[in-house]
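To start, the structure under review is shown below, and the notes come after it.
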Number of protein chains: 2
Amino acid sequence: MPTLKDVAKASGVSVMTVSNVVNGRPRVSEATRRRVLAAVDELGYQVNLTARSLRAGRSGTIALSIPRADHPYFGELAAAVADVLQPRGRHLVIEQTGASREGELSALSQARLQMYDGVLLSVVGMQDAEIARLQSDLPLVLLGEKTMPAHLDQVMLGNLEGARLATAHLIERGARRIAIVGGTVDPTDSGMVGMRTAGWRAAHAAAGLVPDERLVLPPEHFEMAEARAAIRAAVAAGLELDGVFAVTDQVAIGVMAGLHESGLRIPQDVQVVGFDDLAVSEHLCPGLTTIDPRVDLVVSESLRLLERRMSGEDAEVEHLVMPVRLVVRGSTR
Amino acid sequence: MPTLKDVAKASGVSVMTVSNVVNGRPRVSEATRRRVLAAVDELGYQVNLTARSLRAGRSGTIALSIPRADHPYFGELAAAVADVLQPRGRHLVIEQTGASREGELSALSQARLQMYDGVLLSVVGMQDAEIARLQSDLPLVLLGEKTMPAHLDQVMLGNLEGARLATAHLIERGARRIAIVGGTVDPTDSGMVGMRTAGWRAAHAAAGLVPDERLVLPPEHFEMAEARAAIRAAVAAGLELDGVFAVTDQVAIGVMAGLHESGLRIPQDVQVVGFDDLAVSEHLCPGLTTIDPRVDLVVSESLRLLERRMSGEDAEVEHLVMPVRLVVRGSTR
DNA sequence: CTGAAAGCGCTAACAA
DNA sequence: TTGTTAGCGCTTTCAG
């Protein structure tokens, strides 16, 4: 690759002048400018962004780290972030950590994070200790469904409120035996599953109902096939239910398939509510009633926090929980 | 951030020794190693990967450029690439171009591509001229559904064969009025839509049938809502059909929703086949018969080609078309 | 308006 | 085993 020096030599000026031309700085005579641009063209010169970053101390790039790109929720999140950043002229790259419980940071080391001007880190499998170890001098905003170290900005979905809304809606529409698919019976779970299960319990309590603990169904990986098998097995085992709160839309899709296979009709026999409002959910048959997690707000708020850190402002740490919204479709009556 | 120099000063050795320790090179006495590591720990030293890249002339990173992360096909592709690269100890970043027809390269400049050791470029909206201008000295493999410049390696899906298989399957299962949703009547279209439409025509021709041109339905953006509206409108307008080949699974999902809304049953009244075999397609009701584009092969082949370029091998340019596979599910009889 | 020098943080090559 | 030197390609600073 040709360098500034090569262009300088070819056009008979100094590297500094070439740099000035290439960066459109003023105070360059029209004649030299043309000469330099001709050389740039001829040699096919391209700035070396690595060198520029080293010199500038900034890369001009923001990173979004997600567990997996093939999980629609994260794909949609990534696109939403890109859509906000692109018009602002900021460059985004997506890092995929692989959601390894053993440590996202091995895949995405602190050193690598340091390359970016700012990082939105969607933490799923990460240990608290690892998160706590994150340098707070790197502009960083955490996106994740559990409470994080107090010294880092965080934006969280309205997990509890969403689960409560979803379950209350099922109760209101007449369901009385409402399974939670992807829930947990572990009361110490403070993560996404724990919070959504707590919302399911809270809605029951508010209605004066006591949920049957057998209605807490296991799928732990939020996979469609797993959820489908779980609901089929439960129905086959004689578990009676007339409603399902699925902890994610992906799980809900599996649940709908499983209920269908079991000969149960939605919503006549079993009503279903999901969580995430994936793009596909609107186009299922029937359309999936779900919780809109307001990814738009998550994105705008987390970028606000990030820009604040990036500008060096020494503001208070914020831990935000976004509002959510129930979207009613055909899977509930 | 502390630098090698800071650590060197703190531990009373030279920067080179620190570098040697940090990089686990041999020929460092146990005593100094410990002293250095202590200083590294204390100062919280982290390598500056930008500086290392500049020095080494390589970034150790491969980029995958996709139009949008919220399009499930690309999300699944990205995850598949990451899953192959991760175990090999290579680092991947995902760049999102935004599929702007005006030019993917403005979002993702040549200069930026140059930062990576290798690039998988999924081209959609890119102009031929822009693609042709791409330096061939950057290890680059094109992923895209149109024929690209001869000087660049390319991996393409079996568009024609897949569309042919899908349509032939519909014909075999008794469909005679088979719409193509997302097709084109423009015979000069040599892109993905053109090839898949050609496959639809080829299957008809092979069966001695002549398709009604009114069965070519418009949706151009492969969006679910658009496809849903298009099929509804067509049915409402009295178009008779007993089969649909949707150019993508996303389109197929919209089609299924639209047919459902129009009171038509799948597969009894209308059979549907898609293309992409998205993860969700298996869990629709009914399951979607579709073409598996063998993303696994696309990934392994494109990485083979890429690694070859990255190793500096001066091999023949390859233009590969991957085989495809029909996956039969409930949406066809 | 143009140029020379210095240095961002790192490592290969050589010297001690 | 450890240290010194040079330079990756760029831009800031200061001097013509």
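Residue numbers begin at 1 in each chain, while the letters A, B, ... track the order of the sequences.
At whole-Å resolution of the value, CG in A/Asp6 and P in D/dG9 are 8 Å apart. Whole-Å rounding puts the B/Leu4 CG to D/dG3 C1' distance at 14 Å. A/Arg25 has its CZ atom 5 Å from the P atom of D/dT12, to the nearest Å. Distance, B/Met115 CE to D/dG9 P: 14 Å, rounded to whole Å. Going from atom CZ of B/Arg27 over to atom P of C/dA15 covers 16 Å, rounded to whole Å. Here the P atom of nucleotide C/dG9 and the NZ atom of B/Lys9 are 12 Å apart, to the nearest Å. Rounding to whole angstrom units, NZ of residue A/Lys5 and P of D/dG9 are separated by 8 Å. Atom C1' of nucleotide C/dC8 and atom CZ of A/Arg58 are separated by 14 Å, given to the nearest angstrom.
The only option from A/Gln114, A/Met115, A/Arg309 that meets the side-chain contact (heavy atoms from CB on, under 4.5 Å) definition with A/Leu138 turns out to be A/Gln114.
Put simply, B/Ser14 has a side-chain N or O that comes within less than 4.0 Å of OP1 or OP2 on D/dG3. A sub-4.0 Å separation between OP1 or OP2 of D/dC10 and a side-chain N or O of A/Ser53 is absent. Taking side-chain N and O atoms only, A/Asn23 has a distance below 4.0 Å to OP1 or OP2 of D/dT11. Residue B/Ser19 places at least one side-chain N or O closer than 4.0 Å to OP1 or OP2 of C/dT11. When the side-chain nitrogen and oxygen atoms of B/Thr17 are compared with OP1 and OP2 of D/dG3, one or more of them lie within a distance under 4.0 Å. At D/dT11, one or more side-chain N or O atoms of A/Arg52 fall inside 4.0 Å of OP1 or OP2 (strictly under the cut-off). At the phosphate of C/dC1, neither OP1 nor OP2 sits under 4.0 Å from any side-chain N or O atom of A/Ser29.
Considering all non-hydrogen atoms of both residues, A/Arg90 and A/Met310 come closest at NH2-CE, 3.1 Å.
Residues from residues 33-50 of chain A lying near DNA chain C, meaning a heavy-atom separation below 4.0 Å, are absent.
With salt bridges taken as basic N to acidic carboxylate O contacts below 4.0 Å, none links A/Glu301 and A/Arg294. Looking at A/Arg308 and A/Glu316, no side-chain N of the basic residue comes within less than 4.0 Å of a carboxylate O on the acidic one, giving no salt bridge. A salt bridge does not link A/Arg68 with B/Glu76: every distance from a Lys NZ or Arg NE/NH1/NH2 to an Asp or Glu carboxylate oxygen is 4.0 Å or more.
Residue A/Arg55 places its side chain closer to D/dG9 than to any other of C/dG3, C/dG9, D/dG9. For A/Met16, taking side-chain heavy atoms from C-beta onward, the closest of the listed nucleotides D/dG3, D/dT13, C/dG7 is D/dT13.
Judged as a side chain to side chain contact (heavy atoms under 4.5 Å, CB included), and not counting sequence neighbours, the contacts of A/Ser19 are A/Leu4, A/Met16, A/Asn23, A/Arg25.
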Could you go through residues 28-44 of chain B and list every donor-acceptor pair under 3.5 Å that involves a side-chain atom there, pairing it with any protein atom two or more places apart or in another chain?
{"unit_1": "B/Ser29", "atom_1": "OG", "unit_2": "B/Thr32", "atom_2": "N", "d": "3.3"}
{"unit_1": "B/Ser29", "atom_1": "OG", "unit_2": "B/Thr32", "atom_2": "OG1", "d": "2.8"}
{"unit_1": "B/Thr32", "atom_1": "OG1", "unit_2": "B/Ser29", "atom_2": "O", "d": "2.9"}
{"unit_1": "B/Arg35", "atom_1": "NH1", "unit_2": "B/Ser11", "atom_2": "O", "d": "2.8"}

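Note that the CD atom of A/Glu95 and the OG1 atom of B/Thr61 stand 7.5 Å from one another [nearest 0.5 Å].
Residue order along DNA chain D, read from the 5' end via each residue's closest nucleotide, puts B/Val15 first among B/Val15 and A/Leu54.
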